[in-house]
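For the single chain, residues carry numbers from 1 onward in sequence order.
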Amino acid sequence: MAVKAVNLGFQFPSSSPSSFGSSSPKLRKDRLVFRSSTVEQVSFTESENSLIEALLGIQGRGRSSSPNQLNAVERAVQVLERLGGVPDPTKSNLIEGRWQLIFTTRPGTASPIQRTFVGVDFFSVFQEVYLQTNDPRVCNIVSFSDAIGELKVEAAASIQDGKRILFRFDRAAFSFRFLPFKVPYPVPFRLLGDEAKGWLDTTYLSHSGNLRISRGNKGTTFVLQKQTEPRQRLLTAVSSGRNVKEAIEELVSLTRNNGEKEPELEEGEWQMVWNSQTVTDSWIENAANGLMGKQIIGKNGRIKFVVDILLGLKFSMTGNFVKTGTKMYDVTMDDAAIIGGPFGYPMQMENKFTLELLYSDEKIRITRGYNEILFVHTRTDASRMN
């Protein structure tokens, strides 16, 4: 934490106290077999679930959120804070343990180190809270990966009242898997005085002990969880680029085991955030095969691929889909053009493929499409085709 701007214990100290087309046969088929598995479900109250839904699709733990997303999160946070959750959370056993940072607001005083670590989805960020020990502590941890290691910044902690934790940072170190010793983080904590201090208010702690909302002395809001639900784990895997297929399998298997109703292609605008393609064709072939950009599902079986190219130019390809069986659709894309403002340059292209809808809700969709490639899309808004 930046020891000058002590925001909820999630800033990390700096060394200075004053700064802180047509189908291509080249692509390998990627058949993922979904196995029946037992997946632990995470339960939330209706109000808690509203916050989880608002957080889905936000990247960089809030860094890349739109104003509408931020407003939805803030409204859900305020509802939970009014409800109160567990009384005197700092005195409850439920606050103890390791919490994963899911979302944070970003004041202008955030340090460069905080912006670097907390806003990058490739890293996992945790906070450990241990107050009922002989050495009460709050620790902030950035996990780079299982193969690399982590940075751990520790603070001595004390309870001021039922909501507030006082802390003072006193040590930090990198732990690298490839080194037999820890590398000290070069911050002169003892010389920083009050600038190494901060406080953390817990404004909501769920009765399940799985969800926490905290605010710090600089006004930053943090949302943390001990356990994330399958959709969150999938989007985290997509952002980090690790274990995406395993996360897809977990979510699809859980849905199947719960006997949920058959999903349908939802109208609206969907952004492709991941696909299992392993060989890259030309951009025009990728665009025509839905391997980049947005997909718009319209009324009456209409579908469109849209890819931003450059300087205001877009690639657009329109077609139709017909449902042929349970979760199965035949897709024909046959109207392609390069669009620039009111003008369009038509292109002679046609692409036909079968689309299998593996999972769909109002926020996330998983499909197996062209050349049996797996796709993950997230809804960007409720726009419809004209």
Side-chain angles (χ1 to χ4, degrees), residues 1 5-11 42-92 94-110 114-115 118-119 121 124-127 129 138 140 160-165 167 198-229 231-233 235-236 239 361-364 378-379 381:
M1 174 170 186
V6 185
N7 291 346
L8 281 167
F10 273 100
Q11 285 184 302
V42 182
S43 61
F44 298 99
T45 66
E46 182 177 348
S47 297
E48 292 168 355
N49 193 62
S50 295
L51 175 56
I52 300 302
E53 290 290 329
L55 291 170
L56 282 173
I58 292 181
Q59 298 183 344
R61 282 173 279 266
R63 185 175 190 172
S64 302
S65 53
S66 68
N68 287 339
Q69 289 174 317
L70 286 176
N71 290 336
V73 172
E74 183 61 26
R75 287 195 300 270
V77 164
Q78 290 175 354
V79 168
L80 290 174
E81 288 179 329
R82 285 196 295 269
L83 292 174
V86 174
D88 296 330
T90 59
K91 300 176 183 178
S92 170
L94 295 175
I95 201 172
E96 303 276 308
R98 170 175 279 213
W99 295 84
Q100 182 174 352
L101 178 64
I102 305 299
F103 173 86
T104 175
T105 56
R106 297 184 167 280
T109 54
Q114 179 190 10
R115 291 194 297 269
V118 175
D121 284 321
S124 297
V125 182
F126 302 93
Q127 184 175 80
V129 178
V138 174
N140 298 326
Q160 175 172 310
D161 55 36
K163 288 189 175 183
R164 178 163 296 183
I165 300 171
F167 58 86
W199 52 259
L200 177 67
D201 281 351
T202 295
T203 56
Y204 181 82
L205 177 62
S206 67
H207 290 278
S208 67
N210 188 48
L211 179 66
R212 174 163 64 97
I213 300 170
S214 293
R215 297 182 185 265
N217 53 296
K218 291 293 180 178
T220 311
T221 303
F222 283 0
V223 178
L224 309 97
Q225 291 176 242
K226 284 184 178 175
Q227 290 179 291
T228 52
E229 56 116 287
R231 293 178 302 165
Q232 291 176 298
R233 290 195 285 274
L235 294 180
T236 297
S239 297
D361 61 26
E362 294 182 352
K363 291 290 188 77
I364 298 173
T378 57
R379 185 190 289 275
D381 58 35

CG on Leu101 to OG on Ser214, rounded to 0.5 Å | 10.0 Å
Mind checking side-chain hydrogen bond (donor to acceptor under 3.5 Å, both in side chains) for Asn49 and listing every partner two or more places apart, or none if nothing turns up?
-> none
Pairwise distance NZ(Lys226) to CZ(Phe126) - rounded to 0.5 angstrom = 13.5 Å
Look only at the side chain of Lys363 and the backbone of Glu53, and say whether a donor-acceptor pair between them is shorter than 3.5 Å.
-> yes
State which residues pass side chain to side chain contact (heavy atoms under 4.5 Å, CB included) with Asp161; sequence neighbours excluded, sorted by chain then number.
-> Lys163, Arg164
Excluding sequence neighbours, so at least two apart, what forms side chain to side chain contact (heavy atoms under 4.5 Å, CB included) with Glu96?
-> Tyr130, Leu131, Gln132
Answer whether the closest heavy-atom distance between the side chains of Phe103 and Gln69 falls below 4.5 Å.
-> no
Got a second to check how far Arg212's CZ is from Thr203's OG1, nearest 0.5 Å?
-> 9.5 Å
So, the side chain of Thr236 versus the backbone of Gln232: is there a donor-acceptor pair under 3.5 Å, distance only?
-> yes
Spacing of CD1 belonging to Ile58 relative to CG belonging to Leu70, to within rounding of 0.5 Å | 6.5 Å
Closest heavy-atom pair, Leu205 versus Pro89, reported as atoms and distance to 0.1 Å, is CD2-CB, 3.8 Å
Audit row: Glu48, Asn210, side chain to side chain contact (heavy atoms under 4.5 Å, CB included) steps and yes/no | CA-CA 10 Å; Glu48 292 168 355; Asn210 188 48; over 6 Å; no
Any chance CD of Glu362 has more than 12 other-residue heavy atoms, nucleotides or ligands included, within less than 6.0 Å?
-> no
Indicate yes or no for a side-chain donor-acceptor contact from Thr90 to the backbone of Gly162 under 3.5 Å, with no hydrogens or angles considered.
-> yes
With rounding to the nearest 0.5 Å, note down the distance linking CG in Leu56 to CD1 in Ile102.
-> 10.0 Å
Shortest non-hydrogen contact from Gln227 toward Gln225 | O-NE2, 2.9 Å
By side-chain hydrogen bond (donor to acceptor under 3.5 Å, both in side chains) - contacts of Ser206 (at least two apart) | Ser208
Please identify each residue that fulfils side chain to side chain contact (heavy atoms under 4.5 Å, CB included) with Ser50, with sequence neighbours left out.
-> none
Using side chain to side chain contact (heavy atoms under 4.5 Å, CB included) as the criterion, list what pairs up with Leu51, not counting sequence neighbours.
-> Leu55, Val73, Ala76, Val77, Leu80, Leu211, Ile213, Val223
Passing option when Arg215 is tested against Thr220, Asp201, Thr202, Thr221 for side chain to side chain donor-acceptor pair (under 3.5 Å) | Thr221
How many angstroms lie between OG in Ser47 and CD in Glu81, if you round to the nearest 0.5 Å?
-> 12.5 Å
